[in-house]
There are 2 protein chains.
Amino acid sequence: MLVYYLRSMARIKIDKNSSRKEVIVTKAAALFREKGFKAASMRDLAEAVGVEAASLYNHIKSKTELLHELCFGVANRFMHKMDEVETEKISAIEKVEELIRFHIDEMVHHYEEVYVSDREWKHLADPYLSNFQNQRRMYRKRFAAIIEAGIKNKEIKNIDAPTAVLILLHAIGGIESWHRSTQKISAEALTQNMITILVGGLKNK
Amino acid sequence: MLVYYLRSMARIKIDKNSSRKEVIVTKAAALFREKGFKAASMRDLAEAVGVEAASLYNHIKSKTELLHELCFGVANRFMHKMDEVETEKISAIEKVEELIRFHIDEMVHHYEEVYVSDREWKHLADPYLSNFQNQRRMYRKRFAAIIEAGIKNKEIKNIDAPTAVLILLHAIGGIESWHRSTQKISAEALTQNMITILVGGLKNK
DNA sequence: TTTCTTTGCTAACACATGTTAGTATATTAT
DNA sequence: ATAATATACTAACATGTGTTAGCAAAGAAA
């Protein structure tokens, strides 16, 4: 009878594609997205992972390291996409649409990471904080340059390009609400609606 | 000589329009916006106000009360605006434009409060948390209903109204980046750009 | 001017947090 | 099967947090 209360030592559940660290980073993304970085404790995270808080330190250096991995992982993906798009031989409005589609796809399929990267970066430790801020600024400048090219060749309305970038990026951030909805349209329909409104709002008729 | 190091007891600076509590709430908005609710400490806030942390409790009940005042203050303002707009005898697209202008104005002139209300509500204590979430949901439903009316009478493109609402609200949230910019266009130009893109993206041509 | 009220300060409290050190347990390598 | 390595646990640490209690100082009222 007493034997039923004896429990073996916990183990972080991994599969052949993930290391223990990757499992922890993934759980951290969900937790940080839900509670915010500062409000999420290592004891919360340990519980989500299925071990005690102290055990996490066998696999990670610090709580901040988790945030760093999330933020810079996302930043790198976005930068690579921008590198690609910039070199493509297509019109400016097509480039904008391709980037919008990429952003939507990231928000739909990698929601937790993208959300955390977008909302919690201010808790990064320097010098990574400044570095990250510079990367964000650079990304936006490059996006604005694409829009400027479109304005120049009359594809896009004559608007302030940095304003257009902030509108697009934040509008796509609204997918957060889509994730939160119980009754919602499909991801494909969502994408179509967003393209209709956002690209439609940019196009010069 | 020694007299120079003797300092009188601090006093919260107030003017004839503000109580001590109002000063504290205003400083709290700025601090919570900058650092996030959880990362902002009462000692940080006390420093911003110019007294010791313990003194704040002569004027407020708790840290959470500050967040509550900010969130519900903003929510009430937005609800009143919606009450007004719903009863106006104007077209649906005009109503949408009026609401967008109101939102932009709030984000430009009451940035800290609106930002905190939009980003930090998850740290509200229950039952206020659920109450606030319901109010947000209600507001969005009412906004979507205006857009549905516009879709029905062909002013607005045939799109998913809740998606349109999330796009509009989050796009306006992008004014955060405008506040952060060192070189930026005027608030009037910003407003015009946003109307051009957002209303332009909704209008059925 | 004196008395009463309000406000600010110091010290302390009760917890919470991220993390370390050492031991126990489980897994992997030989 | 045994030894070596990796991982999980317990206990503790150092620090930080929101807040309370009581006294000191300042302001308002009489």
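So you know, we letter chains A, B, ... as the sequences are listed, proteins then strands, and number each from 1. If you're wondering where the values come from, they're calculated on a predicted model, not measured in any experiment. In what follows, every heavy atom counts, from backbone to side chain, and hydrogens, waters and symmetry copies are set aside.
Comparing the start and finish of the helix from C:dT1-D:dA30 to C:dT30-D:dA1, five pairs each, the helix axis swings through 20°, to the nearest 10 degrees.
A salt bridge does not link B:E47 to B:R43: none of the charged nitrogens lies less than 4.0 Å from a carboxylate oxygen.
Residue A:Y111 qualifies as enclosed at atom OH: its count of foreign heavy atoms under 6.0 Å is above 12.
In this structure B:K21 satisfies the salt bridge (charged side-chain N to carboxylate O under 4.0 Å, His left out) test together with B:E65, B:E69, sequence neighbours excluded. For the salt bridge (charged side-chain N to carboxylate O under 4.0 Å, His left out) test, no residue two or more places apart in sequence or in another chain qualifies with B:R140. Considering only residues two or more places apart in sequence or on other chains, A:K35 meets the salt bridge (charged side-chain N to carboxylate O under 4.0 Å, His left out) condition with A:D44. B:K95 meets the salt bridge (charged side-chain N to carboxylate O under 4.0 Å, His left out) test with no other residue; sequence neighbours excluded.
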Got a list of side-chain donor-acceptor pairs under 3.5 Å for residues 144-152 of chain A, not counting sequence neighbours?
none

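Distance, A:I14 CD1 to D:dA6 P: 14 Å, rounded to whole Å. Distance A:L66 CG to C:dT17 P: 16 Å, rounded to the nearest Å. In this structure, B:I12 atom CD1 and D:dA26 atom P are separated by 15 Å, rounded to whole Å.
Interface residues of residues 19-32 of chain A facing DNA chain C, ordered by number: none; criterion, heavy-atom separation under 4.0 Å. Looking at residues 116-127 of chain A, you'll see that no heavy atom sits under 4.0 Å from any atom of DNA chain D.
Side-chain N/O atoms of A:H59 include none lying less than 4.0 angstrom from OP1 or OP2 on D:dA6.
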Seminar exercise, completed: The contact string for nucleotides 9-18 of chain D, one letter per nucleotide 5' to 3', using protein heavy atoms under 4.0 Å with B, S and - for base, sugar-phosphate only and none, comes out as BBBB----BB
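Under the ring pair (Phe, Tyr, Trp, His ring centres under 6.0 Å) criterion, the residue pairs touching residues 82-109 of chain A are A:F78-A:F102, A:F78-A:H103, A:H103-A:Y139, with sequence neighbours excluded. Within the structure, the salt bridge (charged side-chain N to carboxylate O under 4.0 Å, His left out) test picks out the following pairs touching residues 71-85 of chain A (sequence neighbours left out): A:R77-A:E106, A:R77-A:E113, A:K81-A:E84, A:K81-A:E98, A:D83-A:R142. Identified under the salt bridge (charged side-chain N to carboxylate O under 4.0 Å, His left out) test for residues 118-134 of chain A, with sequence neighbours left out: A:D118-A:R136, A:R119-A:E176.
Judged by distance alone, the side chain of B:K157 and the main-chain N or O of B:G201 form a donor-acceptor pair under 3.5 Å.
Between B:R11 atom CZ and B:S55 atom OG the span is 9.0 Å, to the nearest 0.5 Å. Atom CD1 of B:I172 is separated from atom CG of B:L198 by 6.5 Å, given to the nearest 0.5 angstrom.
Nucleic acid contact for B:L56: none, since no nucleic acid atom lies under 4.0 Å from a heavy atom of the residue.
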